[in-house]
Amino acid sequence: MSWSADEMMTIAAARALRDGVRCFVGIGRPSTAANLARRTHAPDLVLIYESGTIGAKPGTLPLSIGDGVLAETADAVVSVPEIFNYWLQPGRIDVGFLGAAQIDRYGNINTTVIGDDYRSPRVRLPGAGGAPEIAASCREVIVIAKQSTRAFVERVDFVTSVGYGAGPGDRARLGLTGRGPVLVITDLGILEPDPETAELTLTQVHPGVDPGQASAATGWPLAVSGTLGTTPEPTAAELAALRELNRQAGPEEGR
């Protein structure tokens with residue numbers, strides 16, 4: 001079998017979602033990985049989208065959080081304030097699944113602007129949406145992003161969603177109730193926060209990837225685990241399910 005780096009990343013992200021957990025899903029790659037997980041090893045994964053759909057079971061990848069297929073297939077549809085005030089903020093959602101335009105060594109995420117001047121940035125990104133509260137209040141957070149020095153930076157240009165702030169203790173100081181990012185899954189490997197420093201550390205590389213490649217694609221001196229592992233290769237069933245999802249979505253929506 002052969003696969004692309006994007007396919008390996010999406011499959012690795014899907015594997016990180018346990019069956020039966022409640023997952024607050026971001027659109028794009030997080031949605032692809034979450035729907036792949038539900039089609040493979042986690043049929044009872046509860047997909048929750050910001051629009052208020054709980055237990056959505058879309059047959060195709062949704063185009064947005066407002067795609068009608070989410071409401072049509074959900075166990076329940078509630079208001080956006082209820083999703084945030086009753087489900088998210090009290091810690092009733094197990095996993096928040098987010099993407100990132102920029103991420104730094106402490107797992108802080110930027111999806112707002114690229115550049116030092118907020119009023120006149122080099123690039124204005126889609127913005128925060130519900131990501132800041134997802135990062136603050138979900139019991140744990142998983143991030144999926146392609147690894148490059150443009151995206152993995154020493155310090156994000158704007159903190160849209162807090163990971164570990166400036167290091168250990170910042171989440172508690174800021175009153176954030178969730179555990180924070182526990183996995184960052186890329187097209188090169190998997191990073192996890194060091195239990196002492198909270199700094200993202202390379203713990204796995206994908207098949208065929210050298211840890212030096214991951215270091216070269218990171219904008220800070222990347223720590224590498226002393227027990228560095230290799231991600232298991234995609235199975236034929238995982239690849240077939242992912243390719244079917246992307247085929248149904250088409251080139252614009254598929255990830």
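- Inter-residue side-chain proximity for E192 and T201 is flagged as unmet; no heavy-atom pair is nearer than 4.5 Å.
- Using a 3.5 Å distance cut-off with no hydrogens or angles, the side chains of S31 and Y49 do pair a donor with an acceptor.
- Crowding of R155 atom CZ: a count of heavy atoms from other residues, nucleotides or ligands under 6.0 Å not exceeding 12.
- A 6.0 Å sphere centred on CG of D116 holds no more than 12 heavy atoms belonging to other residues, nucleotides or ligands.
- Nearest heavy atoms, V25 versus L47: CG2-CD2, 4.0 Å.
- Counting only distance, with no hydrogens or angles, the side chain of E82 and the backbone of S79 share no donor-acceptor pair below 3.5 Å.
- Of the N and O atoms on the side chains of Q204 and T231, at least one donor lies less than 3.5 Å from an acceptor on the other residue.
- Within 6.0 Å of atom CZ in R179, 12 or fewer heavy atoms from other residues, nucleotides or ligands are found, so the atom counts as exposed in its surroundings.
- Ionic pairing of R39 and E244 is not present here: no N-O contact between side-chain nitrogen and carboxylate oxygen is shorter than 4.0 angstrom.
- Under the 4.5 Å side-chain criterion, counting only non-hydrogen atoms from C-beta, R105 is not in contact with T218.
- Annotation: the span from D157 atom CG to D104 atom CG amounts to 10.5 Å, rounded to 0.5 Å.
- Side-chain contact between P58 and N35: present, with at least one pair of heavy atoms (C-beta onward) separated by less than 4.5 Å.
- Heavy-atom contacts from other residues, nucleotides or ligands closer than 6.0 Å to CZ of R150 number 12 or fewer.
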